[in-house]
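Notes for the one structure printed next.
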Amino acid sequence: MSIEIFIKYKILIFLLIFSIYSQAQPTPPPPGEPGGIEMGTAEQIELGKLLFFDKELSGNRNISCATCHHPSTHTGDALSLPVGEGGQGLGNLRDTGISNDAIVQRVERNSQGLFNLGRGNVQHLFHDGRVAIDLNEESGFSSPAGSDLPLGLENIVSVQAMFPVTSATEMAGQDEENEISIAVAEGKLAGEDGVWELLAKRLRDIPGYFEFFAAAYPENVETQSDITFVMAANAIAAFEISAWQALNSPFDQQLRGEDAMSEAALRGMALFNDKGCAICHAGPLQTDNLFHAIAMPQIGPGLGDNTEGFSDGLEDFGRERVSGNSADRFKFRTPSLRNIELTAPYGHSGAYTTLESIVNHYNNPVLSLMTYDQSQAILPSRTDLDEIDFTVMNSPARTGSIAQAALREPLLRPANMSASEVSDIVEFLKALTDPNSLDLSENIPDSVPSGLPISD
Ligand code: HEC
Ligand code: HEC
C-alpha cells in the first residue's frame with residue numbers, strides 16, 4: 001500500500017473514531033446473581049474427572065481434554081493457540097510433534113479457561129457462542145450438530161463436551177489415521193458408525209470403566225453395553241462444573257461487605273465502570289452474554305474466512321459463522337473475567353499475553369490493532385506454521401476490515417486511561433482471582449482406566 005493511501009486510511013479511521021465518540025454513553029446494567037448451578041453426584045464427578053484426563057477419547061489416543069485445559073495451567077494451556085493432537089508436552093513446553101504424528105496446523109482459537117461453567121445465566125459457550133441454550137430445539141440446545149445432537153444432555157456444558165472429540169486438529173486426528181478420524185472426515189457424528197458411538201465402544205471395551213459408569217448412572221447402566229457417550233459428556237460436565245467454581249475472590253468478599261480489596265483495586269473497580277468496561281463485562285461474572293467487535297488482533301491459521309479480495313482462509317469471522325449475519329463479522333463473546341489473571345494469553349486468538357497489554361488495547365482499540373506487537377504471541381515455533389501466523393496482521397486491508405467492525409460497535413470507544421489508571425484496572429482484574437484456584441493440583445487423578453499416561 002502506498003503512503004498516500006495509508007494516510008487517507010488513517011484519516012478515515014480518525015473520523016470514524018470521532019463519530020463514535022460523539023454518541024451518548026449508555027449506563028451499565030446493575031450486577032445480578034451469577035445464576036444457580038446444578039452439581040452432579042460425587043460418582044458422576046469422579047467418572048468425569050477420569051474421562052477428562054483420558055487420552056482414550058482422542059482418535060490416536062494421544063491427547064485428552066486436560067492437555068489444553070490443564071489444572072497446572074489453570075484450566076487453559078498458557079499458549080496463544082493450542083497445539084492439538086500430535087503435539088507433545090504440556091503448557092508452554094508443548095511442541096508441535098515429530099515425523100508423521102506432527103500437527104498439520106495450530107488450533108485456530110485460544111483455549112478458554114473453564115471457571116464458573118454451568119451457571120444458569122451463561123447462555124452460550126465457545127468464543128462464537130455456537131453451543132447455546134435454545135428451547136426451540138428438541139434437545140434444548142443449538143450446536144454445530146443441529147438435529148443430530150442426541151437427547152439426554154443435561155446442560156450446556158455437557159453439550160460442549162460432545163465436540164472436541166469431533167475436531168480433527170483438537171482430538172480426532174487426520175484423514176485415515178484411525179476409526180474416529182475417518183468418521184469425522186465423512187461428517188458422521190451420530191449413528192452406529194458415528195464418532196460418538198465409536199468412542200462409546202472404546203469405553204465399553206475398557207473393563208475398568210464399567211464400575212465407574214455403573215456407580216455414576218446406576219439406573220441406566222447394568223452391563224458394559226449400556227455405556228453411552230452422552231453419559232460420558234454429562235459426567236465430564238459434572239466434573240468441570242464442580243471442580244472449577246471460583247466465586248470467592250477479594251471482589252466477592254468486598255461485595256459481601258468485607259474489607260478485602262486494596263485501594264488500587266477499588267479505584268480500578270470504579271474505573272472499570274466509568275470507562276465503560278462494565279457495559280459489556282456486566283454483572284457478577286463480567287459478561288453480558290453478547291457478542292461484540294473490539295478490534296482484537298487475528299493471529300494463527302484462522303477458520304477459513306476471507307475479507308473480500310483474499311482467499312487463504314486465514315481469518316475468523318467470529319459470531320457471523322454462527323448467525324450467518326454479516327453484521328456479526330469479527331464479533332466474539334464477551335468473556336467472563338473471573339480468574340483472568342490466571343488464564344493468559346487473552347482474546348479469541350490469544351494475541352495479548354499480559355493484562356497490561358489487553359487493558360491498554362482499550363485505550364484506542366483500532367490503533368492497538370494497527371500497532372500490535374507480534375513478538376508477544378506464545379506459539380511453539382515451526383517454520384511452516386510460523387509463516388502464516390501474522391499474515392492477516394501484516395495486511396492493512398485485512399486489519400482495516402477488523403477495525404471497521406469495531407468502529408461500528410456502539411459500546412466501544414477509546415477509554416483514554418492514564419498509565420496509573422491502567423494499572424488500577426489491572427489491580428481490579430487481579431482482585432477477581434479466587435485464591436482457591438491458585439493451586440488446582442488436587443484435580444489431577446493418579447491414573448485413568450485405559451492405563452494411558454496422564455503426565456502430558
Ligand atoms: C487441542 C486443545 C483442546 C482440547 C484437547 C480440548 N479443548 Fe476445550 N477448548 C479449546 C479451544 C481452542 C476452545 C475455544 C474454541 C472456540 O471457541 O472455537 C475450547 C473451549 C472449551 C469450552 C468452552 C468454554 C467457554 O467458556 O465457552 C469448554 C467447556 C471446553 N473447551 C471443554 C473441553 C472438554 C470437555 C474437552 C475434552 C472432551 C476439551 N475441551 C478438549 C481447546 C481444547
Ligand atoms: C464493547 C464491549 C466491550 C467493552 C466496552 C469492553 N470489553 Fe473487554 N472484551 C469484550 C469482548 C467481546 C472480548 C473478547 C474479544 C475477542 O476475543 O476477540 C473482551 C475481552 C477482554 C479481556 C480478555 C478476556 C479473555 O479471557 O481473554 C479482558 C481482560 C477485557 N476484555 C477487559 C476489558 C476492560 C478492562 C475494559 C474497559 C477498559 C473492557 N474489557 C471493555 C467486550 C468488551
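What's counted below: heavy atoms across the whole structure, side chains too, no hydrogens, waters or symmetry copies. Every number for a ligand or one of its atoms is a count from 1 in the order of the listing.
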Counting both backbone and side chain atoms, is some N or O of [X] under 3.5 Å from an N or O of ligand 1?
X      : value
Leu117 : no
Thr169 : no
Asp128 : no
Gln112 : yes
His127 : yes
Arg109 : yes

Task: Proximity flag Arg333 to ligand 2, non-hydrogen atoms under 4.0 Å - done: yes
Task: Close approach of His281 to ligand 2, heavy atoms, under 4.0 angstrom - done: yes
Quick one: nearest non-hydrogen protein atom to [atom], plus distance?
atom                    : value
atom 18 (O) of ligand 2 : His348 ND1, 2.7 Å
atom 12 (C) of ligand 2 : Phe332 O, 3.3 Å
atom 27 (O) of ligand 2 : Gly347 N, 2.8 Å
atom 26 (O) of ligand 2 : Ile340 CD1, 3.4 Å
atom 35 (C) of ligand 1 : Glu240 OE2, 3.3 Å
atom 5 (C) of ligand 2  : Gly276 O, 3.4 Å
atom 23 (C) of ligand 2 : Ile358 CD1, 3.5 Å
atom 38 (C) of ligand 1 : Cys65 SG, 2.6 Å
atom 37 (C) of ligand 2 : Cys277 SG, 1.8 Å
atom 29 (C) of ligand 1 : Gln160 OE1, 3.4 Å

Considering the heavy atoms of [X], write down every atom of ligand 1 situated less than 4.0 Å from one of them.
X      : result
Gly84  : 1 (C)
Leu125 : 25 (C), 26 (O), 27 (O)
Arg130 : 16 (C), 17 (O), 18 (O)

Pick one of side chain, backbone, both or neither for how [X] approaches ligand 1, counting any non-hydrogen atom pair under 4.0 Å.
X      : answer
Asn110 : backbone
Glu108 : neither
Pro164 : side chain
Met171 : side chain

- [ ] Might you work through the side chain to side chain donor-acceptor pair (under 3.5 Å) test for Asn306 and Glu315, ending with a clear yes or no?
- [x] CA-CA 6 Å; Asn306 292 300; Glu315 287 169 71; over 6 Å; no
Ignoring hydrogens, just give me the one of [options] whose non-hydrogen atom is nearest [atom].
atom                    : options                : answer
atom 2 (C) of ligand 1  : Gly118, Ser349, Cys68  : Cys68
atom 11 (C) of ligand 2 : Cys280, Pro365, Pro335 : Pro335
atom 15 (C) of ligand 2 : Asp316, Ile294, Leu432 : Ile294

On the 0 to 90° scale, with breaks at 30° and 60°, tag the [X]-[Y] ring pair as parallel, tilted or perpendicular.
X      : Y      : answer
Tyr217 : Phe213 : tilted
His127 : His348 : perpendicular
Trp244 : Phe239 : perpendicular
Phe272 : His281 : tilted

Is there side-chain contact between [X] and [Y], with heavy atoms separated by less than 4.5 Å?
X      : Y      : result
Ser349 : Leu81  : yes
Leu247 : Arg119 : yes
Val83  : Leu79  : yes
Phe163 : Pro144 : yes
Glu85  : Ser58  : no

Below 4.0 Å from any atom of ligand 1, is there a heavy atom belonging to [X]?
X      : result
Ile236 : yes
Val157 : no
Ser64  : yes
Glu85  : no

Open item on the list: How about CG on Asn325, more than 12 heavy atoms from neighbouring residues, nucleotides or ligands closer than 6.0 Å, or not?
Closed with: yes
Task: Greater than 12 external heavy atoms within 6.0 Å of Glu137's CD - done: yes
- [ ] Assess His69: does it contribute an N, O or S atom lying under 2.8 Å from atom 8 (Fe) of ligand 1?
- [x] yes
With a distance cut-off below 6.0 Å to the six-membered ring centre and an angular limit of 45° from the axis, does [X] pair with [Y] as a cation-pi contact?
X      : Y      : value
Arg130 : Phe126 : yes
Arg338 : Phe115 : no
Arg333 : Phe291 : no

Region of [X] engaging ligand 2 - heavy atom pairs below 4.0 Å:
X      : answer
Leu337 : side chain
Tyr362 : side chain
Thr343 : neither
Met296 : side chain
Ile279 : neither

- [ ] Check ligand 2 against Ile425 and write out every atom of the ligand that is under 4.0 Å from a heavy-atom position of the residue.
- [x] 35 (C)
- [ ] Drop me the distance from Cys65's SG to His70's NE2, to the nearest 0.5 angstrom.
- [x] 11.5 Å
Strictly below 4.0 Å, N to O, side chains only: are [X] and [Y] in salt-bridge contact?
X      : Y      : result
Arg109 : Asp128 : yes
Arg202 : Asp205 : no
Arg204 : Glu197 : yes
Glu56  : Arg61  : yes
Asp95  : Arg382 : no

TODO: Please step through ring pair (Phe, Tyr, Trp, His ring centres under 6.0 Å) for the pair Phe332 and His292, ending with a clear verdict.
DONE: CA-CA 5 Å; Phe332 292 88; His292 303 279; over 10 Å; no
